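Keep in mind the model is a prediction, meaning the values are calculated, not measured.
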Amino acid sequence: MAKPLTDQEKRRQISIRGIVGVENVAELKKGFNRHLHFTLVKDRNVATPRDYFFALAHTVRDHLVGRWIRTQQYYYEKCPKKVQSGSQIEEADDWLRHGNPWEKARPEFMLPVHFYGRVEHTNTGTKWIDTQVVLALPYDTPVPGYMNNTVNTMRLWSARAPNDFNLRDFNVGDYIQAVLDRNLAENISRVLYPNDNFFEGKELRLKQEYFVVAATLQDVIRRFKASKFASTNSAHTAFDAFPDQVAIQLNDTHPALAIPELMRIFVDIEKLPWSKAWEITQKTFAYTNHTVLPEALERWPVELVEKLLPRHLQIIYEINQKHLDRIAALFPKDVDRLRRMSLIEEEGGKRINMAHLCIVGSHAVNGVAKIHSDIVKNKVFKDFSELEPDKFQNKTNGITPRRWLLLCNPGLAELIAEKIGEEYVKDLSQLTQLHSFLGDDSFLREIANVKQENKLKFSQFLEKEYKVKVNPSSMFDVHVKRIHEYKRQLLNCLHIITMYNRIKKEPTKLFVPRTVIIGGKAAPGYHMAKMIIKLITAVADVVNNDPMIGSKLKVIFLENYRVSLAEKVIPATDLSEQISTAGTEASGTGNMKFMLNGALTIGTMDGANVEMAEEAGEENLFIFGMRVDDVAALDKKGYQAKEYYEALPELKLVIDQIDNGFFSPKQPDLFKDIINMLFYHDRFKVFADYEAYVKCQEKVSQLYMNPKAWNTMVLKNIASSGKFSSDRTIKEYAKDIWNMEPSDLKISLSNEASNGVNKATGK
């Protein structure tokens with residue numbers, strides 16, 4: 001009998017099989033040794049694991065260089081967080097301290113980016129003068145395609161102070177001030193704002209947003225002018241082909257300043273008439289909305305933009321004036337509509353609504369799941385969609401099966417390949433073929449065995465890293481995502497305490513063992529999210545150390561949740577928690593990753609859960625709770641948390657335990673802010689879905705006791721997950737928004753003749 005393959009062998013077999021040139025092991029070894037000895041100046045006696053990684057990275061990059069260069073030629077022709085004592089502690093993540101072997105600095109393409117200054121109107125046009133200049137240094141990272149010889153480029157920017165920066169201070173002896181000022185300039189790309197779904201209007205953040213936008217647009221214009229598509233007939237026609245060759249997707253509102261910046265370049269520098277510049281700009285940009293939470297929408301104070309980017313504020317005012325003139329002509333005397341649709345909000349100080357700027361300046365607007373796109377179109381931006389209904393569309397998010405199946409779950413990937421072949425890796429819709437194996441008991445057992453192997457490995461990881469011994473045969477109930485009130489980790493926590501109370505009340509009663517795993521990061525300034533982490537860890541301390549509970553229930557909070565940790569936990573998950581309040585989650589992608597890896601979903605009809613239920617059948621997910629219309633009706637009626645508290649004895653007990661310090665005996669009032677929020681300020685209505693959630697969890701436990709029925713539902717979910725490939729998502733963007741057609745062009749290897757590569761026509 002053949003020896004079973006290890007995970008490493010399976011991964012190598014599936015994800016590296018057939019990649020051009022890798023079979024030449026001798027060449028790879030020679031390159032590895034060369035980089036170890038000459039690039040890193042080490043030999044094997046003193047080399048560390050990091051040295052080996054860098055040598056391997058340099059070797060792989062060498063392997064990509066030929067295809068990388070060919071791809072570029074073709075286009076030319078054509079922060080971690082840890083938990084201590086139950087609280088999240090932020091630590092600086094200086095991830096570049098050892099350098100990055102994958103990237104290549106390109107100082108020859110360094111570009112100036114301007115800030116501050118003043119605007120001067122002259123006979124020859126408008127000029128932005130007396131500015132402070134920061135240089136943008138590009139770094140290129142190769143991004144290889146999957147088995148297609150194409151290596152694209154991801155270009156990132158690093159801020160550098162110019163050499164003459166505050167040279168006057170330096171010359172008069174104020175060396176320290178000159179150095180400090182250089183640091184201020186270079187701080188632009190030194191720190192990442194960690195907030196998600198929360199807008200923080202800081203000057204440094206606005207600088208960062210403009211910095212990357214300005215550098216990228218200059219680079220795009222340079223490339224366009226260098227191509228054969230730029231017209232040399234006259235200034236008025238020089239950029240006519242620009243939107244046919246350039247598509248810019250605004251990924252949320254953070255790069256929204258690209259719209260006034262491109263207008264500034266066209267009007268002030270390239271001397272295009274406003275109407276022509278605006279036509280080209282609108283055709284070039286498209287906008288993807290990622291959230292409907294009002295606190296996440298960017299609204300920049302006018303005085304801050306005026307100080308930092310005075311010319312851009314003038315352009316935004318001009319865009320707004322022409323926009324409002326159009327609205328007034330279409331809806332005369334409708335002053336309230338003008339107020340609602342203006343780019344400038346007047347209440348509580350003048351602010352620029354960046355989402356409105358994106359909509360007005362783009363030819364297409366999309367949400368990232370059907371339900372989200374409907375909310376964007378019919379509620380959040382209703383006035384805009386009534387004006388231009390064809391501008392609004394949906395592009396449901398997707399995930400890459402290469403990382404989220406082949407790499408992280410090679411056992412399952414190989415099992416699927418044995419049944420339907422390997423082409424599904426490039427066409428995930430082929431997973432529907434697995435429906436024909438629903439009656440194959442042997443295949444169902446093999447899927448269950450792969451899951452159990454993954455759970456066993458993750459159990460060992462948890463025991464090593466978290467010093468908690470878990471039962472690998474227990475149900476792994478996993479809730480991993482950013483910590484936020486709308487994602488309702490609190491609802492999960494209330495269920496954990498409910499299960500704990502039930503076991504304590506009837507310790508001899510049959511109980512399906514569970515390991516509840518919650519993971520995620522809270523934004524540093526988000527007090528409530530940090531208190532939720534504190535509560536989860538406090539509950540875990542009580543549950544995990546209660547001898548009466550034993551192995552029936554364990555609770556683990558995964559600190560510093562990140563992609564590498566997700567790759568471990570997702571393949572080991574039995575139950576995926578997707579329990580946001582209906583109408584608040586734009587899409588989610590974790591839900592798709594769990595589905596593809598054979599976890600069943602307990603969730604609300606929110607985000608992409610709706611389409612997952614459509615694909616697999618609602619009966620194959622554990623759907624519970626209010627729908628969007630129910631939430632709206634409850635808002636209209638008025639949500640009274642106390643009614644649920646008084647009507648549900650188990651809920652009352654749980655809340656009383658938290659409130660009375662059962663989980664924080666040394667600080668009985670530790671969680672008073674959480675209790676106060678749940679009763680009086682809970683926008684996401686945790687209590688309203690508590691009863692339905694607990695009952696749905698009982699159905700989960702009941703099905704888990706029937707392995708065949710459970711595994712059949714698992715296979716139905718895997719077979720129905722093909723829609724959620726990012727390949728499908730990008731094809732839809734390319735076809736419907738960027739006006740691109742797919743190309744089967746094969747770029748030759750570096751040691752092959754080019755054979756006269758045909759130039760593509762599209763963008």
Taking side chain as C-beta onward, heavy atoms only, is [X] less than 4.5 Å from [Y]?
X      : Y      : result
Pro243 : Ile280 : yes
Val368 : Thr396 : no
Pro142 : Thr153 : no
Ile188 : Val134 : yes
Val119 : Lys127 : no
Ile352 : Tyr317 : no
Ile259 : Leu250 : yes
Asn353 : Leu297 : no

Original post:
Given the rule in the side chain to side chain donor-acceptor pair (under 3.5 Å) test, do Thr126 and His121 qualify, once you have shown the distances and angles that lead to the verdict?
Top reply: CA-CA 4 Å; Thr126 305; His121 298 279; 3.2 Å; yes
**OP:** Begin from the C-alpha positions of Arg340 and Asp336 and carry the test side-chain contact (heavy atoms from CB on, under 4.5 Å) through to its verdict.
**Re:** CA-CA 6 Å; Arg340 294 196 308 266; Asp336 196 51; 2.8 Å; yes
Original post:
Does the ring center of Tyr210 lie less than 6.0 Å from the ring center of Phe115?
Top reply: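 Distance test on ring centres: under 6.0 Å, yes.
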Original post:
Under 6.0 Å between the ring centres of Tyr139 and Trp157?
Top reply: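 Centroid separation for Tyr139 and Trp157: 6.0 Å or greater.
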Original post:
Under the criterion salt bridge (charged side-chain N to carboxylate O under 4.0 Å, His left out), which of Arg339, Lys377, Arg337 is the partner of Asp383?
Top reply: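 For Asp383, the salt bridge (charged side-chain N to carboxylate O under 4.0 Å, His left out) test succeeds with only one of Arg339, Lys377, Arg337, which is Arg337.
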Do [X] side-chain atoms and [Y] backbone N/O form a donor-acceptor pair below 3.5 Å?
X      : Y      : result
Ser373 : Lys370 : no
Ser580 : Lys487 : no
Glu346 : Arg351 : no
Ser587 : Ala369 : no
His356 : Leu343 : no

Contact summary for [X] and [Y], nearest pair of heavy atoms:
X      : Y      : value
Ala161 : Glu186 : N-OE2, 3.2 Å
Gly588 : Glu585 : N-CG, 4.1 Å
Leu111 : Ala215 : CD1-O, 3.5 Å
Leu206 : Leu257 : CD1-CD1, 3.6 Å
Pro112 : Gln218 : O-NE2, 2.7 Å
Tyr486 : Thr584 : CD1-OG1, 3.3 Å

Original post:
Aromatic rings Phe239 and Phe224: how do their planes relate, parallel, tilted or perpendicular, breaks at 30° and 60°?
Top reply: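 The rings of Phe239 and Phe224 lie parallel, inter-plane angle below 30°.
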**OP:** Look at the aromatic rings of Trp128 and His114 and report parallel, tilted or perpendicular, splitting at 30° and 60°.
**Re:**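 Because their plane-to-plane angle lies in the 30° to 60° range, the rings of Trp128 and His114 count as tilted.
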Out of curiosity, [X] [atom1] to [Y] [atom2], how far, rounded to the nearest 0.5 Å?
X      : Y      : atom1 : atom2 : answer
Phe266 : Leu217 : CZ    : CG    : 8.5 Å
Ile248 : Lys283 : CD1   : NZ    : 15.0 Å
Ile265 : Met263 : CD1   : CE    : 11.5 Å
Ile221 : Phe242 : CD1   : CZ    : 4.0 Å
Met110 : Glu108 : CE    : CD    : 10.0 Å
Glu388 : Ser362 : CD    : OG    : 10.5 Å

Assess, by modelled atom type and distance only, whether the side chains of [X] and [Y] contain a donor and an acceptor separated by less than 3.5 Å.
X      : Y      : value
His372 : Asn394 : no
Tyr733 : Asn366 : yes
Thr253 : Glu298 : yes

**OP:** Decide if atom NZ of Lys530 counts as having more than 12 heavy atoms of other residues, nucleotides or ligands within a radius under 6.0 Å.
**Re:**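 Atom NZ in Lys530 is packed in, count exceeds 12.
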Quick one: do [X] and [Y] make a salt bridge, cutoff under 4.0 Å?
X      : Y      : answer
Glu120 : Arg118 : yes
Lys307 : Glu303 : no
Glu345 : Arg299 : yes
Arg683 : Glu295 : yes
Asp140 : Lys104 : no
Asp736 : Lys395 : yes
Asp727 : Lys731 : no
Arg155 : Asp219 : yes
Glu270 : Lys276 : no

Original post:
side chain to side chain donor-acceptor pair (under 3.5 Å) between Ser342 and Asn320: does it pass, once the steps are laid out?
Top reply: CA-CA 7 Å; Ser342 175; Asn320 192 42; 3.2 Å; yes
**OP:** Quick one: do Trp300 and Leu309 satisfy side-chain contact (heavy atoms from CB on, under 4.5 Å)? Show the steps, please.
**Re:** CA-CA 12 Å; Trp300 286 104; Leu309 304 166; over 6 Å; no
Original post:
With a cut-off of under 6.0 Å to the ring centre and 45° to the axis, is Lys391 in cation-pi contact with Phe384?
Top reply: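 Checked: cation-pi criterion not met.
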**OP:** Check the pair Trp738 / Val246 against side-chain contact (heavy atoms from CB on, under 4.5 Å), numbers first and verdict last.
**Re:** CA-CA 9 Å; Trp738 306 331; Val246 177; over 6 Å; no
Original post:
Does the side chain to side chain donor-acceptor pair (under 3.5 Å) test come out yes or no for Tyr526 and Gln88, once each step is laid out?
Top reply: CA-CA 11 Å; Tyr526 191 175; Gln88 176 180 283; over 6 Å; no
Original post:
Yes or no on side-chain contact (heavy atoms from CB on, under 4.5 Å) for Met740 and Lys735, after CA distance, side-chain angles and deciding distance?
Top reply: CA-CA 5 Å; Met740 290 175 66; Lys735 177 175 173 286; over 6 Å; no
Original post:
Is there a side chain to side chain donor-acceptor pair (under 3.5 Å) between Thr288 and Gln249 once you walk through the steps?
Top reply: CA-CA 7 Å; Thr288 300; Gln249 194 71 33; 2.9 Å; yes
**OP:** For residues 324-333, pull every pair meeting side chain to side chain donor-acceptor pair (under 3.5 Å), keeping only residues two or more places apart or in separate chains.
**Re:**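 Qualifying pairs, neighbours excluded: Gln321-Asp325.
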Original post:
Can you tell which of Leu262, Val360, Leu272 makes a side chain to side chain contact (heavy atoms under 4.5 Å, CB included) with Trp278?
Top reply: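 So the option named by the test is Val360.
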